[in-house]
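Note that these values count all heavy atoms, side chains included, but never hydrogens, waters or copies made by symmetry. Here is how names work: the chains are called A, B, and so on, in the same order as the sequence lines, proteins then strands, and each is numbered from 1.
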2 protein chains.
Amino acid sequence: MRNTRADVVAAALRVLAAQGLESCSMRRVAAELDVQPSALYHHVPNKQSLLALMADEILRSVRLDASDPRALCVALRGAMLSVRDGADVVATVEAFRLGSSAIERRLAELVGGEGAQTLLLYTFGHAQSTQTHRQAAEFGALLAEELPQEAGDGRDLDATFDSGIDIILGGLAAREIARTN
Amino acid sequence: MRNTRADVVAAALRVLAAQGLESCSMRRVAAELDVQPSALYHHVPNKQSLLALMADEILRSVRLDASDPRALCVALRGAMLSVRDGADVVATVEAFRLGSSAIERRLAELVGGEGAQTLLLYTFGHAQSTQTHRQAAEFGALLAEELPQEAGDGRDLDATFDSGIDIILGGLAAREIARTN
DNA sequence: ACCTGAACACCGTTCAAGT
DNA sequence: ACCTGAACACCGTTCAAGT
């Protein structure tokens, strides 16, 4: 036995971390394993499936037993931002699964189905835009030939993320009060 | 004068509507204009810029003088969903512009910066997942060789969109009350 | 079971040259 | 100003064949 499916996923995540989603081609992943591109199709039916397996692996660290919806969203965002382009990979795959992902189910237990969907979509959107901005900032820093400002945009985006969660949770709470009156 | 930049954008939107984002390559857009691929680079510096111009055109119908944040979000979502893969095109481009788009500025006037960001990210995320699900449903319908159910998932997604907006606007209102007390 | 080698039908972008 | 033609360095996927 030479390579296993897990080896392929691990290699793909190494390429993603090192070169980004744009460069994470089947051919590059194959090269990472010192194997011909066609060999990958023994482990995975196509690129889309490989991306789904990568998303699962990126989200493996998110504990589903949290009892605080905010903590779950923060963990989800953290996992997505922990790998280069992780937000894009996860958001694309999870958008496809909306209504059937484990994280959404857990969130729905805590805040109801509509609250879960709102929190999830907000979290995906915010993580994607955080990552887009970080890349733009890095790129700009390279062009300007100066060091990236250590505590500039990044901290702002973390703060606005929390604000958004506050607003949504506040809306859910207000709704609950209205229902019970 | 043979083709103008506007001709290129219009051709790209025709290809997008007919074949989707995946198939909207520089080469296909060139073919749509009966021109060599290299000719496009006279009108546009690269594919990314062309996508940005397409996003602007998709959003041209969104009136910025609305005084109701809900109406603005509904119009935004409607514009994105009016073209095949429009949500992906707009979300990608606008995420890059977060903090500087005309729609976000108008929304910020109505509900403040944090509210604007929350509403926008939610709207992008929901539109993207609506479109993903519609495509999956179409694909499934083709495989199952049956007609698409006319009022199934689509109406549900419209309803959940409104719910999410309600939750966010409710949260903003609750916050405003807390501040003025 | 896992992989090679070769092929097919594509990409975005550049650049000298034409009109 | 706008376009052609040719090239460069890539893609995802299939498939017969090898071990």
Side-chain angles (χ1 to χ4, degrees), chain A residues 1-57 84-85 88-89 92-93 96 132 135-136 139 142-143, chain B residues 1-57 84-85 88-89 92-93 96 132 135-136 139 142-143:
Chain A
M1 189 187 45
R2 301 189 247 185
N3 280 308
T4 152
R5 176 190 273 232
D7 293 334
V8 172
V9 175
L13 286 170
R14 264 179 275 136
V15 174
L16 183 72
Q19 332 233 42
L21 185 55
E22 191 113 319
S23 304
C24 192
S25 62
M26 296 299 270
R27 296 177 110 103
R28 284 244 228 280
V29 173
E32 173 77 18
L33 290 167
D34 274 312
V35 125
Q36 294 296 314
S38 50
L40 299 183
Y41 291 86
H42 207 275
H43 303 281
V44 125
N46 50 46
K47 189 181 182 178
Q48 182 67 29
S49 310
L50 179 54
L51 285 169
L53 293 169
M54 292 164 72
D56 288 341
E57 191 58 34
R84 161 119 90 126
D85 289 343
D88 273 312
V89 174
T92 306
V93 169
F96 206 80
T132 304
Q135 271 165 233
F139 194 65
L142 285 178
L143 286 183
Chain B
M1 188 185 50
R2 298 187 247 188
N3 279 308
T4 153
R5 175 190 274 232
D7 293 334
V8 172
V9 175
L13 286 170
R14 263 178 276 137
V15 174
L16 184 72
Q19 332 231 40
L21 185 55
E22 191 113 319
S23 303
C24 191
S25 63
M26 296 298 271
R27 296 177 110 103
R28 285 243 229 279
V29 174
E32 173 76 19
L33 290 167
D34 274 312
V35 125
Q36 294 297 314
S38 51
L40 299 183
Y41 291 85
H42 208 274
H43 303 281
V44 124
N46 50 46
K47 189 180 180 177
Q48 182 67 27
S49 310
L50 178 53
L51 284 169
L53 293 169
M54 292 163 72
D56 288 341
E57 191 58 35
R84 161 118 91 127
D85 289 342
D88 273 313
V89 173
T92 305
V93 169
F96 205 81
T132 304
Q135 270 166 233
F139 195 64
L142 285 179
L143 287 183

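- The side-chain heavy atoms of D85(B) and E22(B), taken from C-beta on, include no pair separated by under 4.5 Å.
- Applying the 4.0 Å criterion to OP1 and OP2 of dT13(C), one finds that N46(B) has every side-chain N and O outside that range.
- Residues R2(B) and Y41(B) both approach DNA chain C. Their nearest nucleotides, taken by heavy-atom distance, put Y41(B) toward the 5′ side.
- A donor-acceptor contact shorter than 3.5 Å links the side chain of N46(A) to the backbone of S49(A).
- Atom pair Q48(B):CD and dG12(C):C1' shows a separation of 13 Å (rounding to whole Å applied).
- One interatomic measurement links the two molecules: CD of E22(B) to P of dT13(D), which rounds to 9 Å at whole-angstrom precision.
- Within the 4.0 angstrom heavy-atom criterion, no nucleotide atom of any strand lies near R5(A).
- For the OP1/OP2 pair of dT13(D) and a distance below 4.0 Å, the side-chain nitrogens and oxygens of R27(A) include no atom meeting the criterion.
- Neither side chain, D7(B) nor T4(B), offers a donor N or O lying under 3.5 Å from an acceptor on the other.
- For dA7(C) and dC11(D), the C1' atoms lie 14 Å apart once the distance is rounded to whole Å.
- The CD atom of Q19(B) sits 11 Å away from the P atom of dC10(C) (whole-angstrom rounding).
- Going from atom NZ of K47(A) over to atom P of dC11(C) covers 15 Å, rounded to whole Å.
- One atom, CZ of R28(B), and another, C1' of dG12(C), lie 14 Å apart when rounded to the nearest Å.
- dC15(D) and dC3(C) have their C1' atoms separated by 13 Å, given to the nearest Å.
- Proximity of a side-chain donor or acceptor of R84(B) to a complementary backbone N or O of A18(B) within less than 3.5 Å is detected.
- Separating the CG atom of L40(B) from the C1' atom of dC2(D) is a distance of 12 Å, rounded to the nearest angstrom.
- The CD atom of Q36(B) sits 15 Å away from the P atom of dT19(C) (whole-angstrom rounding).
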**Request:** Take C24(A) and Q19(A), measure what side chain to side chain contact (heavy atoms under 4.5 Å, CB included) needs, and give me the verdict at the end.
**Result:** CA-CA 7 Å; C24(A) 192; Q19(A) 332 233 42; over 6 Å; no

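- Between dG12(D), dT14(C), dC3(D), one nucleotide has an atom nearer to the side chain of N3(B) than all others, and that is dC3(D).
- Pairing for dG18(D) is with dC2(C), a Watson-Crick or G-U wobble pair whose two hydrogen-bonding atom distances lie under 3.5 Å.
- For dA7(D), the paired nucleotide is dT13(C), the pair qualifying as Watson-Crick or G-U wobble because both relevant distances are below 3.5 Å.
- Residue H43(A) places none of its side-chain N or O atoms closer than 4.0 Å to OP1 or OP2 of dA1(C).
- Taking the nucleotide of DNA chain D with the nearest heavy atom to each of H42(B) and S25(A), the more 5' of the two is matched to H42(B).
- Here dC3(D) presents its P atom at 8 Å from CG of L33(B), a figure rounded to the nearest Å.
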